[in-house]
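Counting starts at 1 for both ligands and their atoms, following the listed order.
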Amino acid sequence: MRQPLVAGNWKMNGSRESIRALLDGLKQGIGQVEVAEVAVCPPFIYIPDVQEQLQGTAIAWGGQDVSTEASGAYTGEISTAMLLDFGCRYVIVGHSERRSYHGESDQLVAKKYAAARAAGLIPILCVGETLEEREGGVTEQVVARQLDAVIDLEGVSALAGGVIAYEPVWAIGTGRTATPEQAQEVHAFIRGRVAQQDSAVAEGLRILYGGSMKPGNAAELLAKPDIDGGLIGGASLQAEDFLGICTAAN
Ligand code: 13P
């Protein structure tokens with residue numbers, strides 16, 4: 001049985017003040033979340049504040065990105081050890097915004113995934129196709145290529161204990177959610193592809209959906225057999241909305 005995970009990706013949003021209020025709201029409501037594991041991924045600079053406020057609660061936290069390197073002359077980068085130093089449990093790698101705005105390749109993302117795992121962080125590997133790719137009928141090829149980069153680097157066992165987030169690029173921040181059927185189809189494809197190599201790893205793998213997930217559509221999406229949670233952008237910035245998604249997993 002896979003425990004659902006609902007993770008908030010705050011992206012580059014918030015202030016010390018707004019984050020305090022958001023976390024107060026989450027802490028008050030987290031008791032209603034009976035089933036899902038809950039995590040938030042703030043901008044790096046707010047991680048110490050988040051740690052201070054969430055320490056000892058049921059809510060975990062993580063980074064939105066990480067360096068492949070351990071330390072040294074890498075201006076602007078944050079290492080796995082630094083994230084661990086501030087209590088992070090998760091780290092997102094390969095978000096489509098990093099792939100497109102920062103030119104991150106499948107190979108670089110795979111190295112980030114491997115670095116995170118080696119350090120003891122749980123990587124959340126984002127995969128997903130653009131609108132053009134979906135319309136061109138190559139969704140499965142794109143997702144397979146992004147997934148295979150990780151498997152090629154370290155073998156399928158690298159996915160044991162990891163998390164994948166299927167985030168169709170056309171659904172991110174657009175209000176245009178994938179239908180539960182569209183999402184389930186890709187989730188089943190991902191699990192099936194992993195199962196071809198290792199059925200136990202596939203069975204335990206948590207595959208989250210991300211892209212305009214809201215309290216109003218979460219229950220339907222989460223009811224699908226291969227959707228094991230959500231990676232939430234916009235709706236994770238409001239305590240009530242985020243908690244609404246978390247409780248939909250009940
Ligand atoms: P939205 O929920 O704002 O569509 O963002 C999804 C996302 O990119 C989460 O990583």
Side-chain angles (χ1 to χ4, degrees), residues 4-14 18-19 22 26 36-44 46-47 50 59-66 83 88-102 104 106 109 112-113 116 121-131 133-134 139 142-143 146-147 162-180 182-183 186-187 190 206-222 224 227-249:
L5 169 65
V6 180
N9 174 9
W10 294 353
K11 308 192 180 183
M12 196 174 71
N13 291 295
S18 72
I19 286 171
L22 171 56
L26 295 184
E37 190 184 348
V38 176
V40 294
C41 297
F44 288 133
Y46 295 124
I47 290 177
V50 168
I59 307 170
W61 57 96
Q64 298 176 11
D65 183 32
V66 73
L83 293 180
C88 290
R89 178 171 165 81
Y90 291 96
V91 65
I92 298 169
V93 297
H95 192 279
S96 62
E97 287 147 19
R98 297 223 49 99
R99 291 178 190 264
S100 67
Y101 306 146
H102 301 273
E104 293 195 6
D106 296 332
V109 172
K112 290 185 173 194
Y113 183 99
L121 288 160
I122 301 174
I124 301 175
L125 171 71
C126 298
V127 299
E129 81 289 0
T130 62
L131 184 59
E133 288 163 340
R134 173 160 284 264
T139 296
V142 170
V143 169
Q146 294 169 334
L147 182 66
V163 177
I164 292 182
Y166 169 57
E167 299 206 310
V169 178
W170 48 271
I172 296 177
T174 57
R176 187 177 161 191
T177 321
T179 64
Q182 281 173 322
V186 181
H187 284 231
I190 293 169
R206 290 191 289 183
I207 309 176
L208 317 183
Y209 168 78
S212 301
M213 199 164 176
K214 305 271 183 284
N217 59 28
E220 274 192 303
L221 285 156
L222 294 170
K224 291 292 179 191
I227 303 183
D228 307 311
L231 184 57
I232 320 301
S236 72
L237 300 171
Q238 300 294 335
E240 200 183 321
D241 287 351
F242 189 56
L243 289 165
I245 297 171
C246 298
T247 50

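- Side-chain contact, Q146 with Y166: no donor N or O sits under 3.5 Å from an acceptor N or O.
- Under a 4.0 Å N-O distance rule, the pair R99/E104 does not qualify as a salt bridge.
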Report the C-alpha distance between L5 and V163 in whole Å, list the side-chain angles of each, state the deciding distance to 0.1 Å, and finish with yes or no for side chain to side chain contact (heavy atoms under 4.5 Å, CB included). CA-CA 9 Å; L5 169 65; V163 177; 4.1 Å; yes
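- Using bins of under 30°, 30° to 60° and over 60° for the plane-to-plane angle, the ring pair Y209/H187 lands in the tilted bin.
- Counting heavy atoms closer than 4.0 Å to ligand 1, residue A171 contributes backbone atoms (N, CA, C, O) but none from C-beta onward.
- Near G234, meaning under 4.0 Å from one of its heavy atoms, ligand 1 places the atoms 1 (P), 2 (O), 3 (O).
- Taking every heavy atom of E167 and a limit of under 4.0 angstrom, the matching atoms of ligand 1 come to 6 (C), 7 (C), 8 (O), 9 (C), 10 (O).
- Close N/O approach between N9 and ligand 1 is found [any backbone or side-chain N/O within under 3.5 Å].
- For atom 8 (O) of ligand 1, the choice among M213, Q64, K11 with the nearest heavy atom turns out to be K11.
- Contact record, L208 with G230: CD1-O, 3.8 Å, taken as the closest heavy-atom pair.
- Residue-ligand proximity, G211 to ligand 1, at heavy-atom distances under 4.0 Å covers atoms 4 (O), 6 (C).
- When the options G8, G173, C41, G175 are ranked by their closest heavy atom to atom 4 (O) of ligand 1, first place goes to G173.
- Of the heavy atoms in L231, both backbone and side-chain atoms come closer than 4.0 Å to ligand 1.
- The side-chain heavy atoms of I92 and K112, taken from C-beta on, include no pair separated by under 4.5 Å.
- Although no hydrogens or angles enter the test, the distance criterion places a donor-acceptor pair under 3.5 Å between the side chain of E133 and the main chain of T130.
- Counting protein heavy atoms only, atom 2 (O) of ligand 1 is closest to G233 N, 2.9 Å.
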